[in-house]
Enquirer: 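Take this structure, written in structure tokens, and hold onto it; I'll ask about it next.
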2 protein chains.
Amino acid sequence: MSPRSDAVRSRERILAAARDGRGEELRLNEIARRAGVGVGTVYRHFPTTHALTEALTRETLERMREVARAAREGSDEDAFALFLGAALDLQLDDGGLKTVLLSPADEEPGVAELKREIFAAFDEVLDRARRSGAVRADLDIVQIEHLICGIEYAVRLGASGDRAPFLEILLAGIRPAPAR
Amino acid sequence: MSPRSDAVRSRERILAAARDGRGEELRLNEIARRAGVGVGTVYRHFPTTHALTEALTRETLERMREVARAAREGSDEDAFALFLGAALDLQLDDGGLKTVLLSPADEEPGVAELKREIFAAFDEVLDRARRSGAVRADLDIVQIEHLICGIEYAVRLGASGDRAPFLEILLAGIRPAPAR
DNA sequence: ACCGAAAATGGATGAGTAATCCGCTTCCGG
DNA sequence: CCGGAAGCGGATTACTCATCCATTTTCGGT
């Protein structure tokens with residue numbers, strides 16, 4: 001049974017209102033007011049704040065999947081570095097992405113699949129990078145993701161938002177120590 | 001004029017209660033209840049949450065000053081690396097330290113001086129590290145502090161709390177790129 | 001020892017937010 | 001066009017932050 005038309009309308013209004021206030025914290029009351037619906041309606045569509053975050057982040061997740069696929073399929077030497085840069089940019093762009101990637105919740109339909117695909121491709125690219133000597137052997141995909149989040153955090157602390165030096169530092173840092 | 005005895009007692013009770021709940025978020029009502037004083041008293045002593053955080057962090061700040069002094073005075077080759085490791089440990093140990101170090105507020109008496117001393121010594125140690133080729137020339141003390149915060153964030157994301165690999169990554173990352 | 005002013009106290013209060021619950025409304029297939 | 005399921009709204013409960021001020025406590029001066 002397809003969803004009722006008013007439900008679809010409400011959902012879209014809520015998402016639009018939430019997107020308006022991007023950057024600010026998600027305040028459900030405020031979003032309901034801006035969307036012109038009751039608070040109850042917001043909770044009906046998104047039982048938790050996390051569910052709403054996932055819905056807001058879906059587009060970014062899809063972009064990340066594309067980037068990950070391209071990195072896996074391509075034969076670029078620097079695929080891993082490029083992917084890391086892209087991932088950092090996406091996370092800086094969409095403050096909710098980090099939460100969605102790290103949380104095991106996956107409440108919105110399809111999000112779990114998206115994440116699985118992203119991490120699978122990521123893992124493959126990481127594996128190649130490890131073998132080519134661009135990344136230390138003792139780092140797994142989870143630690144790398146945590147590091148990206150840490151660098152995202154550091155970039156946000158700076159007023160300039162200049163990610164370049166911090167990305168360089170991350171890439172240089174995760175390279176295996178040169179033998180001496 | 002020295003402070004009234006009841007004021008001293010209240011202050012100490014509040015700090016003790018706040019320390020009890022270390023780790024949890026600072027909830028003023030809860031702290032007041034546990035301290036056996038009224039909420040109003042808490043606000044009288046600590047007008048903002050930040051002031052309370054500073055008071056709670058003073059001891060850690062003093063330890064950091066000692067570490068920074070030692071790093072400046074010593075002639076150790078690795079003074080900078082050691083200091084960075086110590087700073088990371090202190091930040092991991094005291095969740096409020098980051099906030100106090102980064103905020104320009106300095107509401108509690110003496111905190112501004114402590115911070116000035118810490119950063120002055122830190123800056124000197126960093127300068128030596130730069131000249132000895134252990135650190136890229138384009139990084140200033142603020143960026144380094146932001147990086148430490150980012151690494152702290154990354155370590156906290158991990159369940160293990162194992163800081164070692166992340167500290168290595170930070171140290172390796174901020175080294176100048178080897179000429180090729 | 002006492003007193004009065006100043007300092008400190010405590011908790012009632014107002015304002016803001018999260019989340020639930022349920023009577024009413026809207027939708028849509030038969 | 002009708003009945004019941006799905007959806008809706010917002011009143012409500014519960015919680016926290018932060019302020020304000022009548023009352024209590026302290027303490028230096030007498």
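Below, chain A is the first sequence line, B the second, and so on; all start at residue 1.
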Enquirer: Nearest-Å distance, CD (B/Glu12) to P (C/dT9)?
Expert: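 Distance, rounded to whole Å: 12 Å.
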Enquirer: Give a yes/no answer on whether the side chain of B/His45 brings an N or O atom under 4.0 Å of OP1 or OP2 in C/dA8.
Expert: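 No, no such contact exists.
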Enquirer: When you get a sec, tell me which of C/dC27, C/dA19, D/dT25 is the closest nucleotide to the side chain of B/Asp6?
Expert: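 Among C/dC27, C/dA19, D/dT25, the one nearest the side chain of B/Asp6 is D/dT25.
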Enquirer: Output the distance between atom CD (B/Glu168) and atom CZ (B/Arg163), rounded to the nearest 0.5 Å.
Expert: 9.5 Å
Enquirer: Answer yes if A/Leu15 and A/Val8 sit in the same cluster of Ile, Leu, Val, Met, Phe, Trp and Tyr residues linked by side chain heavy atoms under 4.5 Å apart, and no otherwise.
Expert: no
Enquirer: Rounded to whole Å, how long is the line connecting atom CZ of B/Arg9 with atom C1' of C/dG10?
Expert: 13 Å
Enquirer: Please figure out whether B/Gly40 or B/Pro3 has its closest DNA chain C nucleotide nearer the 5' end.
Expert: B/Pro3
Enquirer: Measuring from the side chain of B/Arg27 (C-beta onward, heavy atoms only), which nucleotide among C/dA8, C/dA18, D/dC17 has the closest atom?
Expert: D/dC17
Enquirer: Between B/Asn29 (CG) and C/dG11 (C1'), how many Å, whole number?
Expert: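 Computing the B/Asn29:CG to C/dG11:C1' distance gives 10 Å.
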Enquirer: Please give, in whole Å, the distance from C/dT17 P to A/Glu30 CD?
Expert: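 Result: 8 Å.
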Enquirer: Side chain of A/Ala7 only, please: which of C/dG10, C/dT9, D/dC8 is the nearest?
Expert: D/dC8
Enquirer: Taking only N and O in the side chain of B/Tyr43, is any of them less than 4.0 Å away from OP1 or OP2 of D/dA18?
Expert: yes
Enquirer: Considering just the side-chain nitrogens and oxygens of A/Arg4, establish if one lies under 4.0 Å of OP1 or OP2 belonging to D/dG7.
Expert: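 A/Arg4 to D/dG7 OP1/OP2: no side-chain N or O under 4.0 Å.
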Enquirer: Taking only side-chain N and O atoms of B/Thr41, does any of them lie within less than 4.0 angstrom of OP1 or OP2 on C/dA8?
Expert: no
Enquirer: Name the nucleic acid region contacted by A/Ile31, choosing base, sugar-phosphate or nothing; use a 4.0 angstrom heavy-atom cut-off, strictly under.
Expert: nothing
Enquirer: From the set D/dG9, C/dG11, C/dA18, return the single nucleotide nearest to any side-chain atom of B/Val39.
Expert: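 Looking only at heavy atoms from C-beta outward on B/Val39, the closest nucleotide is C/dG11.
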Enquirer: For A/Arg33 and C/dG16, what is the distance between atoms CZ and C1' respectively, to the nearest whole Å?
Expert: 13 Å
Enquirer: How far apart are the closest heavy atoms of B/Lys98 and B/Glu152, and which atoms are they?
Expert: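 Answer, listing the atom of B/Lys98 first, then B/Glu152: NZ-OE2, 3.0 Å.
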Enquirer: Would you kindly give the CZ-to-P distance between B/Phe46 and C/dT9, to the nearest whole Å?
Expert: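 After rounding, the reported distance stands at 11 Å.
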Enquirer: Applying side-chain contact (heavy atoms from CB on, under 4.5 Å) between A/Leu97 and each of A/Thr60, A/Leu102, A/Leu92, report the one that passes.
Expert: A/Thr60
Enquirer: Quickly work out the B/Leu26 CG to D/dA18 C1' distance and round it to whole Å.
Expert: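 Roughly 15 Å, once rounded to whole Å.
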Enquirer: Answer with yes or no whether the hydrophobic clustering places A/Val67 together with A/Ile141; edges join I, L, V, M, F, W, Y residues whose side-chain heavy atoms lie under 4.5 Å apart.
Expert: yes
Enquirer: Between B/Ser10 and C/dA8, does any side-chain N or O lie under 4.0 Å from OP1 or OP2?
Expert: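 Negative; the distance criterion is not met.
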Enquirer: Hey, does the side chain of A/Ser5 come within less than 4.0 Å of C/dC28's phosphate (OP1/OP2), counting only N and O?
Expert: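 It does, given that an N or O in the side chain of A/Ser5 lies less than 4.0 Å from OP1 or OP2 of C/dC28.
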Enquirer: Could you state the CZ-P distance from A/Arg44 to C/dT25, rounded to the nearest angstrom?
Expert: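 Value for this atom pair: 17 Å.
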